[in-house]
Every structure is written in C-alpha cells, then in structure tokens.
J.: 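Before I ask anything, here is the structure I am working with.
Just so you know, ligand 1 is whichever comes first in the structure, and atom 1 is the first atom listed for that ligand.
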Amino acid sequence: MRILSGIQPSGILHIGNYFGMIKPAVALQAKGECFYFVANYHALTSLRDPKALRENSRRVALDVLACGLDPERSALFLQSDVPQVAELTWILSTVTPMGLLERAHSYKDKVARGLPASAGLFTYPVLMAADILIYDSDLVPVGKDQKQHLEMTRDIAVKFNETFGSEPHGQIFKLPEPQIQAATETVPGVDGQKMSKSYGNTIDIFGEEKETRKRVMSMVTDSKPVEAPKEAASSTIFQLYSLVATSDETAEMRGRFEKGGTGYGDFKKQLFGKLWEYFEPMRKRREEILKEPGYIDAVLERGALRANEEATKVMKRVRAAVGL
Ligand code: ADP
Ligand code: TRP
C-alpha cells in the first residue's frame with residue numbers, strides 16, 4: 001500500500017497539525033510505503049517571502065522528523081524537488097471542470113480571510129490532485145478540512161481515466177482513499193475555534209516553555225466559579241487534555257470537572273504539565289537532529305530521488321495516454 005500526505009510550510013506546526021495529520025501519518029509507517037512531502041508550491045499561494053518560505057520548509061522537515069517520521073521507512077521530500085508535479089497539474093487542469101473548482105470551500109474561505117484571489121489559489125486543488133495521483137497513492141491521511149480536496153482528486157482522476165483510459169493504456173490513475181481520524185477531526189485552539197496558523201490561536205508543538213505555558217493559561221473558558229460543577233466534554237481544556245493524557249488520567253480530570261471545587265486555572269496548569277511531558281521525547285529528538293549538520297538535507301535529497309523515480313513512471317503513462 002502506498003500512503004501519501006503533504007503539509008504546507010506556511011507557518012509553524014501546531015498540535016492541531018500533530019494530532020490531525022502528523023501522528024496518524026507516523027503511525028501509518030507500519031502499514032505501507034510512505035511518501036510525505038513539504039508542500040512548498042502550495043505555500044506560494046499565501047507566502048511571498050522567499051527567506052521565510054525556505055526557512056519554514058526546512059523547519060517543517062525537521063519538526064516532522066522529530067515527531068517520528070522515519071526516513072528509513074518513508075520518503076520525505078520537498079514538493080518542488082519533483083517539478084513533474086507541475087506538468088501533471090497542467091495536464092489535469094485541462095480535464096478539470098470549472099464548476100468543480102468553483103464549488104471548493106477552501107478557495108472561498110481563504111479569499112474571505114484576505115488571501116489574494118490568484119489563479120494559483122483557485123487551481124490549488126488541481127495541484128493537490130497531481131501530488132496524490134503522481135505517486136499512485138492508495139491512502140491519504142489528512143485532517144477533516146481536506147476532505148473536499150480528496151473528493152475533488154477522485155473526481156479529476158475519474159474524469160481523466162474516462163477521457164484517456166482507453167486500451168492499450170487501461171486506467172491511468174488509481175483512486176485514492178482519504179483517512180480522516182475521527183477522534184481528532186478538529187483539534188480546538190486556545191479560543192475554542194479550530195486550531196489554525198491563520199487564526200492566531202495555536203499551541204505550537206515545539207514552542208518555548210514560557211510561551212507555551214502562557215498560551216495554555218490564556219485559553220478561553222466560561223466564567224463558572226471554582227466551586228461549581230463544570231461540563232468536561234465541551235471544555236477545550238478537557239478536550240486537549242484527553243489527547244495527551246492516559247484514559248485513567250482523563251477519567252480523573254472528568255471526575256473533578258463534574259464534582260466542582262477546582263478552578264479552570266488549576267485545570268490549565270495540569271494540561272500544560274501533561275502537554276509538556278507528552279512532547280518531551282520529541283523535543284529531545286529534535287535537539288539530536290539539530291546537532292547533526294547536513295542531516296535534514298541528506299534526508300530530503302534521498303526522499304526526492306525516491307519520489308522522482310515513482311513520478312517518472314506515472315508521467316510516462318500520462319504522457320503516452322494524452323499523446324505528448
Ligand atoms: P492550518 O489550518 O494551521 O494552516 P494546514 O491547513 O497547513 O493547517 O493543515 C495541515 C494538516 O493538518 C492538514 O492535514 C490539516 O487537516 C491538519 N490540521 C490542521 N489544523 C487542524 C486541527 N485544528 N485539527 C485537526 N487537524 C488539523
Ligand atoms: N492542502 C494540504 C493542506 O493544506 C496540503 C497538501 C498539499 C496535501 N498536497 C497534498 C495533503 C497532498 C495531502 C495530499 O493541509
């Protein structure tokens with residue numbers, strides 16, 4: 001089984017990215033051959049600062065390695081190191097109906113949030129389809145917000161297969177399946193909304209201790225007094241705690257929420273403690289990687305070679321099918 005996912009280097013990775021995508025992606029390494037990449041072409045739709053793009057891209061690679069991505073089992077690479085994906089984007093765009101792109105939520109959301117309405121932002125899902133189809137991917141672990149993009153990828157693949165998949169070439173593209181973690185569909189941020197780089201409500205995976213504590217202590221709660229019983233399920237503090245604590249520890253916190261007598265400040269301190277402990281081994285690993293100069297570049301180079309090898313095979317099929 002071929003597993004593939006990408007993550008944009010548009011900012012610093014947060015625990016929503018970790019539980020929504022990185023953790024499942026790391027776990028899938030036991031299930032098949034993995035291709036994971038830093039989506040720097042995609043990030044160009046929102047980031048126009050070359051220094052920041054270059055630095056963030058390396059940092060995303062470092063952070064996912066620290067989180068357990070194993071370069072012996074997975075190919076980790078930069079999207080732009082496989083430029084054939086841009087060629088495939090063009091070819092796919094010629095069979096992609098305008099109406100399909102016009103229905104995309106993420107384009108409308110991003111423009112509403114102030115991103116420039118470029119042709120690149122509009123055709124973003126076609127590049128994403130190319131990313132997935134160019135490696136014959138079977139399974140794509142992503143957060144819930146990417147579900148529509150996966151449906152569009154399948155629609156584009158079907159359309160292409162119908163148009164060009166006649167004998168002797170058969171079906172050109174495999175149809176990929178999304179894998180969306182039910183338990184961590186949407187990790188809430190410090191304001192209770194979906195945690196997102198663009199909402200300023202994140203808790204970063206590798207933030208400084210002081211800053212991380214400050215972010216946790218700033219979490220929005222209702223104004224129930226210390227004595228009052230509180231509802232655990234709807235509390236962001238409890239939701240985040242249940243991601244990092246054992247089931248016994250989670251049950252213990254739930255009990256104290258329901259009983260009353262503990263203030264939100266104390267729950268936040270308990271959450272911070274667990275959170276800091278949870279990411280401790282990954283912080284250690286990150287320090288180790290940073291001590292080895294050239295390690296990240298070597299991993300990315302090896303990943304790019306492997307990815308190009310697969311992409312070349314699929315592109316041969318595609319070029320032959322369309323008559324190039
Ligand atoms: P952001 O919204 O912070 O810009 P991205 O869009 O770059 O994050 O998302 C990268 C990956 O992390 C995607 O697979 C996405 O679905 C997942 N993800 C992002 N935020 C969350 C969240 N709050 N909860 C669960 N998964 C998330
Ligand atoms: N669009 C994805 C995001 O914002 C990143 C991405 C780009 C991706 N290409 C992909 C994810 C291919 C999975 C597969 O999170």
J.: Below 4.5 Å, heavy atoms only, C-beta onward: do Glu249 and Tyr241 meet side chain to side chain?
T.: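 The answer is yes; the side chains approach within 4.5 Å.
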
J.: Pick one of side chain, backbone, both or neither for how Met21 approaches ligand 1, counting any non-hydrogen atom pair under 4.0 Å.
T.: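 For Met21, the contact with ligand 1 is made by the side chain alone.
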
J.: Yes or no on side chain to side chain contact (heavy atoms under 4.5 Å, CB included) for Arg215 and Thr202, after CA distance, side-chain angles and deciding distance?
T.: CA-CA 8 Å; Arg215 305 287 292 168; Thr202 58; 4.0 Å; yes

J.: On a heavy-atom basis, I'd like to know which of Ser106, Pro178, Gly16 is closest to atom 26 (N) of ligand 1.
T.: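 Comparing heavy atoms across Ser106, Pro178, Gly16, the nearest one to atom 26 (N) of ligand 1 lies in Gly16.
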
J.: Does an N or O anywhere in Gln8 fall below 3.5 Å from an N or O of ligand 1?
T.: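 No, Gln8 has no N/O under 3.5 Å of an N/O on ligand 1.
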
J.: Checking Gln79 against Asp131 for the side chain to side chain donor-acceptor pair (under 3.5 Å) test, could you report, in this order, the C-alpha distance in whole Å, the side-chain angles of both residues, the deciding distance, and whether it holds?
T.: CA-CA 8 Å; Gln79 186 181 29; Asp131 285 330; 2.9 Å; yes

J.: Does Lys144 reach ligand 1 with a nitrogen or oxygen that is under 3.5 Å from one of the ligand's nitrogen or oxygen atoms?
T.: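 No, since none of the N or O atoms of Lys144 sits under 3.5 Å from an N or O of ligand 1.
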
J.: Evaluate side chain to side chain donor-acceptor pair (under 3.5 Å) for Thr236 paired with Gln239, printing each intermediate quantity in order.
T.: CA-CA 5 Å; Thr236 311; Gln239 288 164 9; 4.6 Å; no

J.: Does a side-chain heavy-atom distance below 4.5 Å link Thr123 with Thr89?
T.: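 No; the side chains remain at least 4.5 Å from each other.
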
J.: Show the short N or O contacts, below 3.5 Å, that ligand 2 makes with protein N or O atoms; if there are none, say 'none'.
T.:
residue: ligand 2; atom: 1 (N); partner: Tyr124; partner atom: OH; Å: 2.7
residue: ligand 2; atom: 1 (N); partner: Gln146; partner atom: OE1; Å: 3.1
residue: ligand 2; atom: 4 (O); partner: Gln8; partner atom: NE2; Å: 3.1
residue: ligand 2; atom: 4 (O); partner: Tyr124; partner atom: OH; Å: 3.1
residue: ligand 2; atom: 4 (O); partner: Gln146; partner atom: NE2; Å: 3.4
residue: ligand 2; atom: 9 (N); partner: Asp131; partner atom: OD2; Å: 2.8
residue: ligand 2; atom: 15 (O); partner: Gln146; partner atom: NE2; Å: 3.4

J.: In terms of the angle between their ring planes, are Phe19 and Tyr278 parallel, tilted or perpendicular, with boundaries placed at 30° and 60°?
T.: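 Plane angle between 30° and 60°, so tilted.
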
J.: Is it true that Gln29 and Asp70 share a donor-acceptor pair across their side chains at a distance under 3.5 Å?
T.: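 No.
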
J.: Measure from NZ or CZ of Lys230 to the centre of the six-membered ring of Tyr264 and say whether it is under 6.0 Å with the direction within 45° of the ring axis.
T.: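 Flagged: Lys230 positioned over aromatic ring of Tyr264.
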
J.: Under a 4.0 angstrom heavy-atom cut-off, which atoms of ligand 1 come close to Gly20?
T.: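 Here the atoms of ligand 1 in question are 25 (C), 26 (N).
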
J.: Indicate whether the side chain of Gln270 and that of Arg256 have a donor and an acceptor atom separated by less than 3.5 Å.
T.: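 Yes - a donor-acceptor pair under 3.5 Å links their side chains.
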
J.: Judged on heavy-atom distance to atom 12 (O) of ligand 1, which of Val60, Asn17, Val142 sits nearest?
T.: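 Among Val60, Asn17, Val142, the closest heavy atom to atom 12 (O) of ligand 1 belongs to Asn17.
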
J.: Should you measure from each heavy atom of Met195, which atoms of ligand 1 turn up under 4.0 Å away?
T.: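 Within the 4.0 Å cut-off of Met195, ligand 1 contributes 20 (N), 21 (C), 22 (C), 23 (N).
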
J.: Please determine if Gln146 has a nitrogen or oxygen closer than 3.5 Å to a nitrogen or oxygen of ligand 1.
T.: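 No; the residue has no nitrogen or oxygen that sits under 3.5 Å from a nitrogen or oxygen of the ligand.
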
J.: Below 3.5 Å, N or O to N or O, backbone or side chain included: is there any such pair between Lys197 and ligand 1?
T.: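 Yes - when backbone and side-chain N and O of Lys197 are compared with those of ligand 1, one distance drops under 3.5 Å.
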
J.: To the nearest 0.5 angstrom, please state how far the OG atom of Ser46 sits from the NZ atom of Lys110.
T.: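 The distance works out to 7.0 Å.
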
J.: Compute the shortest N/O to N/O distance between Gly143 and ligand 1 and return yes if it is under 3.5 Å, no if not.
T.: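 It does: an N or O of Gly143 is found under 3.5 Å from an N or O of ligand 1.
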
J.: Given Met195 and Ile203, is the side chain to side chain contact (heavy atoms under 4.5 Å, CB included) satisfied, shown in steps?
T.: CA-CA 8 Å; Met195 188 179 288; Ile203 297 173; 4.2 Å; yes

J.: Please report whether ligand 1 has a polar contact with Ser196, defined as an N or O pair separated by less than 3.5 Å (distance criterion only).
T.: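 Between Ser196 and ligand 1 (N or O atoms, distance only) the closest approach is under 3.5 Å.
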
